[in-house]
Colleague: 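So that we are looking at the same thing, I have put the structure below in structure tokens.
Numbers for residues simply follow the sequence, beginning at 1. Atoms considered below: every heavy atom in the structure, side chains included; atoms not considered: hydrogens, waters and symmetry mates. Just so you know, these numbers come straight off a predicted model, no measurement behind them.
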Amino acid sequence: MYKEYWYVLVPVHCLTSVVWFGSFYYASTSGVDVIAILESLGVSETLINPVRDSSLGHIAIAYLLYKIATPARYTVTLGGTTLSIKYLEQWGYIKPMPSKAQLVQMYKDKKENIQEKIAEKKQDFQDRKQQLTDKKNTLLSDLKTKNETKPPPASASGVTENK
């Protein structure tokens with residue numbers, strides 16, 4: 001689910017985590033004997049003793065409960081994400097994930113499109129290269145013709161030098 005709908009799962013997880021931790025903190029501060037409840041549920045004394053003797057108090061108890069409730073938290077997150085995806089699809093905010101066959105077809109279409117664009121660019125490059133070659137040949141032939149018809153330059157003094 002994370003691979004396909006991470007953009008829905010992460011906010012749902014953050015929201016549910018805040019609610020879980022807030023609920024546990026509220027229960028701890030409102031006088032509920034959380035330590036006694038944990039002992040009655042059979043939670044290991046190695047987990048409870050550090051919290052009982054901690055100077056952190058309510059935050060430590062809320063964090064302990066938060067960690068103990070991890071399987072339930074993840075279940076609620078997955079359920080909430082599933083419901084959120086369903087409603088977001090109904091309201092048109094996200095599109096349903098295409099099937100594997102649709103994904104394969106989309107890949108093939110995109111690949112063909114890219115190959116066509118590459119072929120067009122290659123042809124444009126070859127056409128431009130040919131135009132430049134033709135222009136170069138025209139300029140060289142014009143220059144050659146001009147040099148052949150032009151008389152040799154006379155010296156400025158009118159006297160030719162012999163060497």
Colleague: With sequence neighbours excluded, what pairs up with Y87 under the ring-ring contact (aromatic ring centres under 6.0 Å, His included) test?
Modeller: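 Expected list: W91.
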Colleague: Output every pair passing side-chain hydrogen bond (donor to acceptor under 3.5 Å, both in side chains) with a member in residues 115-125, not counting sequence neighbours, ordered by first then second residue.
Modeller: Q123-D127
Colleague: Looking at residues at least two apart in the chain, or sitting in another chain, which of them share a ring-ring contact (aromatic ring centres under 6.0 Å, His included) with Y26?
Modeller: none
Colleague: Going by side-chain heavy atoms closer than 4.5 Å, which hydrophobic residues are tied to I114, directly or by a chain of links?
Modeller: I118
Colleague: Considering only distance and modelled atom types, tabulate donor-acceptor pairs under 3.5 Å from the side chains of residues 63-71, sequence neighbours left out.
Modeller:
residue: Y66; atom: OH; partner: S17; partner atom: OG; Å: 3.2
residue: Y66; atom: OH; partner: R73; partner atom: NH1; Å: 2.9
residue: T70; atom: OG1; partner: K67; partner atom: O; Å: 2.7
residue: T70; atom: OG1; partner: R73; partner atom: NH2; Å: 3.1

Colleague: Hydrophobic cluster membership, with links at side-chain heavy-atom distances under 4.5 Å among I/L/V/M/F/W/Y: are V32 and L38 in one?
Modeller: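 Shared cluster, yes.
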Colleague: Kindly give the heavy-atom pair with the smallest separation between I37 and S40, and that separation in Å.
Modeller: O-OG, 2.7 Å
Colleague: L139 and L132: same hydrophobic cluster, using ILVMFWY side-chain contacts below 4.5 Å?
Modeller: no
Colleague: Does S28 use its side chain to pair, donor to acceptor, with the backbone of F24 at less than 3.5 Å?
Modeller: no
Colleague: Hey, quick one: are Y93 and I85 part of the same hydrophobic cluster, counting side-chain heavy atoms closer than 4.5 Å, chains of contacts allowed?
Modeller: yes
Colleague: When clusters are formed by joining ILVMFWY residues with side-chain heavy atoms under 4.5 Å apart, either directly or through shared neighbours, do V10 and V18 land in the same one?
Modeller: no
Colleague: Rounded to the nearest 0.5 Å, what's the gap from NZ on K129 to CG on D134? Could you check?
Modeller: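 The distance works out to 12.0 Å.
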Colleague: Do D109 and N113 touch side chain to side chain, with heavy atoms closer than 4.5 Å?
Modeller: no
Colleague: What distance separates W6 CH2 from H13 NE2, expressed to the nearest 0.5 Å?
Modeller: 15.0 Å
Colleague: Considering residues at least two apart in sequence or located in another chain, which fulfil the side chain to side chain contact (heavy atoms under 4.5 Å, CB included) criterion with S84?
Modeller: V8, V12
Colleague: Measuring from S30:OG to H58:NE2, what's the distance to the nearest 0.5 Å?
Modeller: 9.0 Å
Colleague: Should the heavy atoms of other residues, nucleotides or ligands under 6.0 Å from OH of Y7 be counted, would the total exceed 12?
Modeller: yes
Colleague: Side-chain contact, heavy-atom cut-off 4.5 Å: L78 with L9?
Modeller: yes
Colleague: Is there a side-chain contact between Y25 and I59, using heavy atoms and a 4.5 Å cut-off?
Modeller: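 They are in contact (side-chain heavy atoms under 4.5 Å apart), so the answer is yes.
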